[in-house]
Structure formats: C-alpha cells, structure tokens
Trainee: 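Following this message is one structure expressed as structure tokens.
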Amino acid sequence: MREFFKDIPKIQYEGKDSKNPLAFKYYNPDEVVGDKTMKEHLRFSMAFWHTFTGTGSDPFGTGTMLRPWENTSNAMELAKARVRAAFEFNEKLGMPFFCFHDRDIAPEGNTLAETNKNLDEIVSLIKELMQQSNIKLLWGTANLFSNPRFVHGAATSCNANVFAYAAAQVKKAMEVTKELGGENYVFWGGREGYETLLNTDMGLELDNLARFFHMAVDYAKEIGFTGQFLIEPKPKEPTKHQYDFDVATVLGFLRKYGLDKYFKMNIEANHATLAGHTFQHELHFARINGVLGSVDANQGDMLLGWDTDQFPTDIYTTTLAMYEILKNGGLHSGGLNFDSKVRRASFEPVDLFYAHIAGMDAFARGLKVAYKLLESKELENFVAERYSSYREGIGKDIVEGKVGFKELEKYALENSQIKNTSGRQEMLETILNQYILEV
Ligand code: XLS
Ligand code: CA
Ligand code: CA
C-alpha cells in the first residue's frame with residue numbers, strides 16, 4: 001500500500017529532555033494520571049477538514065500546502081487517497097479518533113443522489129480502514145455552509161427548499177455517523193445567523209432551527225443512533241450575528257424549545273475568545289449546567305479578531321481547560337478534537353506532525369498540572385472558604401430558602417457594619433504559576 005508520509009516514523013514518547021521534534025515530550029499515552037491513562041483522559045482527535053482538505057489559501061492568495069495525496073484530478077480518487085493518508089497519519093501519531101464533515105470526505109455530485117452515492121463509497125473505504133486499525137470516529141457532522149445554496153443559512157434559511165435540502169443532508173450524515181460507530185454528532189451553526197434585521201424574520205428563523213433539531217432528535221430515535229448530540233457555539237463568522245453565540249445563549253434556546261435534555265456542547269477555544277469569554281469560562285459554564293460534552297482544541301491570536309484556529313500551545317490555557325474537564329469527571333463520549341490548522345507558511349507535510357505533537361504535548365502537560373492542582377485542593381479550599389458565610393447563620397438561611405426580604409432587612413439593620421475579605425487574585429495566580437512551572 002502506498003505510504004504518504006514516507007520519512008515520518010511512528011511518533012514515540014521520549015520525555016521532556018528529548019530534542020527530537022518528531023517525539024512527544026509530555027504525551028505518554030499509557031501513563032496513568034489518577035484513575036485513567038493519558039490516552040483515556042485526552043481522547044485526541046484529528047479534524048479531517050483542516051488537516052486533509054485545508055490548502056492554506058486566504059483572501060489574498062491561493063493554497064500553499066504541499067500534500068503527497070494531491071496528485072490526481074479525479075475527485076473520487078483524490079478523496080480515497082486523502083482517507084488513506086488520514087489513517088496513516090493517525091496511526092503514526094497514535095491519534096485514536098477523527099472527525100469529519102460529510103463534504104470533507106467525499107465530493108459533491110451533480111444531484112443529491114449522486115452526492116450520497118459518492119459519500120457511501122468513501123464511507124465503505126473508511127469502514128474498512130477502521131476495521132484494520134483501532135481508529136474511531138469521535139463525531140460526524142454535515143457541511144451546511146460552503147455550497148452557495150446555503151447563502152441565507154440552512155435550517156434558518158428564508159427558503160423552505162433549502163431547509164428541506166439541509167434536512168436531507170443531516171439525515172444522511174447521521175446515518176453515516178451511526179454506520180461508522182460515531183460517538184457524537186455535532187451541529188455547528190454554519191450560516192445560521194443574520195447580517196441585517198431589515199430583511200430578517202428572526203422569530204421564524206429561531207422557531208425553524210428548533211423544528212430542525214426536533215426532527216434530528218426524532219430521526220436519531222427512529223434509526224437507533226445513540227451517540228451524543230452536540231451544539232458548537234460561535235458568536236460571529238461567517239454571519240455577523242450567529243444564533244449560537246455562546247454556551248449561555250445556546251442553553252437559553254434549548255430550554256425554550258424543550259431540547260435541553262438531548263444536547264450537550266462542543267466547546268471550541270477560539271470561539272469562546274471571539275465571544276469575549278475565556279475558554280475556561282465556557283467550559284466552566286457548561287460544566288455547572290451539566291452540558292460539557294466535547295472540545296474543539298485550538299487557540300486564537302490575542303491581536304486578531306477572527307477565527308484563526310491555531311494549534312493550542314499555551315500551557316496556561318490547556319491547564320485551566322483540563323482543570324474544568326477533570327472536575328467534569330472527564331469528557332465521557334467527547335474528546336479533544338484538534339480543530340486547528342497549520343499556518344499558511346507551514347506548508348510541508350511534516351508540519352502537520354509538528355503541529356499535532358505540539359497540541360498533544362500542551363494538553364498532556366496541562367492534564368498533569370491540573371491533576372496535581374486538584375489533588376492539592378489549594379484552589380478549591382480557597383474558594384470554599386471564600387463562600388463559607390453561606391454555610392452558617394444568615395447565609396445558611398438564605399441558601400435554605402428560610403428567609404425573605406423582610407427577615408433580611410431586620411438582619412441588615414442589626415448587622416450593618418460589614419467586613420469583607422480580600423479576593424487574593426495575585427496570590428492565587430502565583431500558586432497556579434508554581435504548579436505550571438514545577439509539576
Ligand atoms: C467553524 C467550526 C466548524 C465546526 C464543525 O468555525 O469550528 O469547523 O467545528 O462544523
Ligand atoms: Ca469547531
Ligand atoms: Ca473555529
């Protein structure tokens with residue numbers, strides 16, 4: 001069988017003193033942290049769209065990527081070569097999962113029926129390669145945004161024919177995800193949003209989006225798809241106002257339409273920062289509401305206001321992310337999917353390996369630091385102490401619902417000399433730094 005990454009060996013763990021750029025310094029899949037191995041904690045996944053269909057093009061120039069599989073003009077042959085290269089890539093990296101959009105893996109035909117036929121052909125190749133390896137599907141999804149038919153959105157399009165087409169596409173993508181044993185199915189908003197209210201019936205669009213999700217839930221039941229449904233919030237890009245702005249917005253939407261028990265969130269770091277939140281905020285908010293499902297691992301750029309999808313290398317952020325994930329009891333059926341792309345100037349195939357190694361090491365290190373930090377309870381004890389006034393006296397009465405405004409007024413009149421204590425932010429940041437530097 002053709003080898004696509006000829007000069008790349010299987011990537012091994014060599015430890016922190018290694019100078020080999022094609023080795024893990026921190027990610028040691030079999031190392032046990034707490035009750036699980038690193039591999040089980042992290043559940044790393046490759047994103048097919050960036051790593052195997054990304055070209056490096058930007059609004060100012062065409063693609064730059066040199067890819068060993070790009071040597072045929074036949075779209076189906078190219079699709080098959082990509083899939084084979086992807087399995088070789090995951091094998092060499094020891095990457096247990098992958099994710100895809102329907103249109104990443106197979107080209108569109110002239111009709112929907114032809115497109116579905118192309119998809120079936122590639123899916124059976126993927127199935128065969130999955131059987132020969134231990135590589136699994138973390139999630140599947142449908143691309144409801146690239147084709148010009150989705151110019152006004154998909155489930156929120158003003159055109160009912162587009163709604164129907166999108167439904168047919170998601171139906172098929174769910175079937176394919178089930179067939180490949182996918183553990184989750186993702187809905188990212190794509191073009192579900194709007195540019196101007198001058199031409200938009202927002203009420204109808206949101207009702208339709210909810211109708212669409214209910215149809216998906218019903219169809220999953222019908223075909224026996226038991227994977228977790230995930231919604232991936234994003235505040236802007238491509239539309240100015242994306243309906244799935246952030247975790248809080250999506251939760252409000254799901255609850256309004258009685259959908260909350262069927263969905264969790266797929267939280268992307270770069271989308272969190274675009275929404276004006278930290279990655280940790282979104283993970284934390286999802287966690288305390290019981291909807292932290294999976295993660296799209298990447299990072300944005302502090303100086304750029306768009307979705308740069310860079311590989312995650314910031315240990316501070318990966319540590320705080322893993323802190324939330326550990327407190328969530330792990331990601332369960334979710335994982336850490338590298339929805340990240342190598343920079344346009346990192347155009348050689350080997351850069352794909354360097355990039356994924358960088359991300360895997362950053363999360364492995366983050367996991368170890370977060371585990372130690374949690375074990376020590378330093379932060380948790382501080383927070384518990386900070387809120388201790390709610391465990392006794394009037395605070396306890398408030399929490400237990402024993403008092404109202406009248407009782408509280410009486411109490412305040414008798415206790416109006418208030419004494420606060422310091423929040424100690426800088427001291428806590430030093431503790432975090434100590435763990436990051438010393439673990
Ligand atoms: C785009 C999104 C997309 C989803 C899957 O910004 O991140 O790639 O993850 O459709
Ligand atoms: Ca994403
Ligand atoms: Ca993104």
Side-chain angles (χ1 to χ4, degrees), residues 43-55 58 97-105 137-147 150 153-156 166 169-170 172-174 176-177 182-193 209 212-213 216 227-247 250 263-279 282-283 286 292-301 304-312 317 321 331 334-344 355 359:
R43 295 171 58 84
F44 287 130
S45 167
M46 175 274 284
F48 202 94
W49 52 101
H50 286 312
T51 297
F52 286 91
T53 61
T55 62
D58 71 9
F97 293 97
F98 67 107
C99 294
F100 65 81
H101 299 84
D102 48 2
R103 303 300 174 249
D104 307 332
I105 57 170
L137 178 61
L138 186 66
W139 48 262
T141 189
N143 177 332
L144 305 176
F145 44 91
S146 296
N147 191 291
F150 299 118
T156 65
Q169 206 179 312
V170 169
K172 180 73 182 168
M174 281 169 59
V176 159
T177 301
E183 298 189 28
N184 308 270
Y185 184 89
V186 163
F187 295 87
W188 165 59
R191 293 181 194 275
E192 315 294 24
L209 186 57
F212 195 87
F213 287 142
Q228 176 65 52
F229 273 162
L230 299 168
I231 293 189
E232 181 180 323
K234 184 175 184 180
K236 54 188 164 191
E237 216 196 66
T239 72
K240 180 159 136 186
H241 300 274
Q242 294 282 119
Y243 288 136
D244 298 335
F245 190 94
D246 60 2
V247 176
V250 173
F263 289 84
K264 288 188 175 176
M265 307 284 162
N266 182 40
I267 296 174
E268 180 175 318
N270 204 167
H271 296 181
T273 50
L274 285 177
H277 300 305
T278 59
F279 183 27
E282 287 291 80
L283 294 168
L292 172 48
S294 198
V295 166
D296 269 7
N298 62 15
Q299 67 187 30
D301 186 294
L304 302 175
W306 65 91
D307 194 16
T308 58
D309 285 345
Q310 287 164 234
F311 274 84
T317 309
L331 287 168
L336 295 172
N337 170 49
F338 288 109
D339 191 354
S340 317
K341 58 184 175 201
V342 285
R343 300 302 85 194
R344 188 168 193 270

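Each ligand, and each atom within it, is numbered from 1 in the order the structure gives.
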Trainee: Please report the closest heavy-atom contact between F150 and F145, naming both atoms and the distance.
Mentor: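 Nearest heavy atoms, F150 then F145: CD1-N, 3.7 Å.
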Trainee: What is the minimum heavy-atom distance between L144 and A154, and which atoms define it?
Mentor: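 Looking at all heavy atoms of both residues, the shortest contact is CB-CB, 3.7 Å.
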Trainee: Name whichever N, O or S atom of E232 ends up nearest to the Ca ion (ligand 2).
Mentor: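 Result: OE2.
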Trainee: Can you classify the ring geometry of H271 versus W188 as parallel (below 30°), tilted (30 to 60°) or perpendicular (above 60°)?
Mentor: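 Ring orientation of H271 relative to W188: tilted.
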Trainee: Start with the C-alpha distance between M265 and L230, add both sets of side-chain angles, then the distance that settles side-chain contact (heavy atoms from CB on, under 4.5 Å), and finish with yes or no.
Mentor: CA-CA 5 Å; M265 307 284 162; L230 299 168; 5.9 Å; no
Trainee: Within this structure, what is the CH2-CD distance for the pair W139 and Q228, rounded to the nearest 0.5 Å?
Mentor: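 If I round to the nearest 0.5 Å, the distance is 14.0 Å.
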Trainee: Among the N/O/S atoms of D296, select the one at the shortest distance from the Ca ion (ligand 2) and name it.
Mentor: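 D296's closest N, O or S atom to the Ca ion (ligand 2) is named OD2.
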Trainee: List in chain and number order the residues that pass side chain to side chain contact (heavy atoms under 4.5 Å, CB included) with T53, two or more places apart in sequence or in another chain; answer none if no residue qualifies.
Mentor: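 Side chain to side chain contact (heavy atoms under 4.5 Å, CB included) check on T53 returns F48, W49, R82, D104.
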Trainee: Quick one: CD on E192 to CD1 on I231, what's the gap to the nearest 0.5 Å?
Mentor: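 The CD1 atom of I231 is 10.5 Å from CD of E192, to the nearest 0.5 Å.
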Trainee: If the Ca ion (ligand 2) is the vertex, what is the angle to OE1 of E268 and OD2 of D339, rounded to 10 degrees?
Mentor: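 It rounds to 90°.
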Trainee: Indicate if the distance from the Ca ion (ligand 3) to the nearest N, O or S atom of D307 falls below 3.0 Å.
Mentor: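 So D307 counts as coordinating the Ca ion (ligand 3), yes.
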Trainee: Rounded to the nearest 0.5 Å, what separation is found between the OG atom of S45 and the CZ atom of F100?
Mentor: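 Answer rounded to 0.5 Å: 11.0 Å.
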Trainee: Within less than 3.0 Å of the Ca ion (ligand 3), any N, O or S from D309?
Mentor: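 Under 3.0 Å: D309 contacts the Ca ion (ligand 3) through an N, O or S atom.
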Trainee: Heavy atoms under 4.0 Å from ligand 1: which residues qualify?
Mentor: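 If the criterion is a heavy atom under 4.0 Å, then ligand 1 touches W49, H101, W139, W188, E232, K234, E268, H271, D296, D307, D339.
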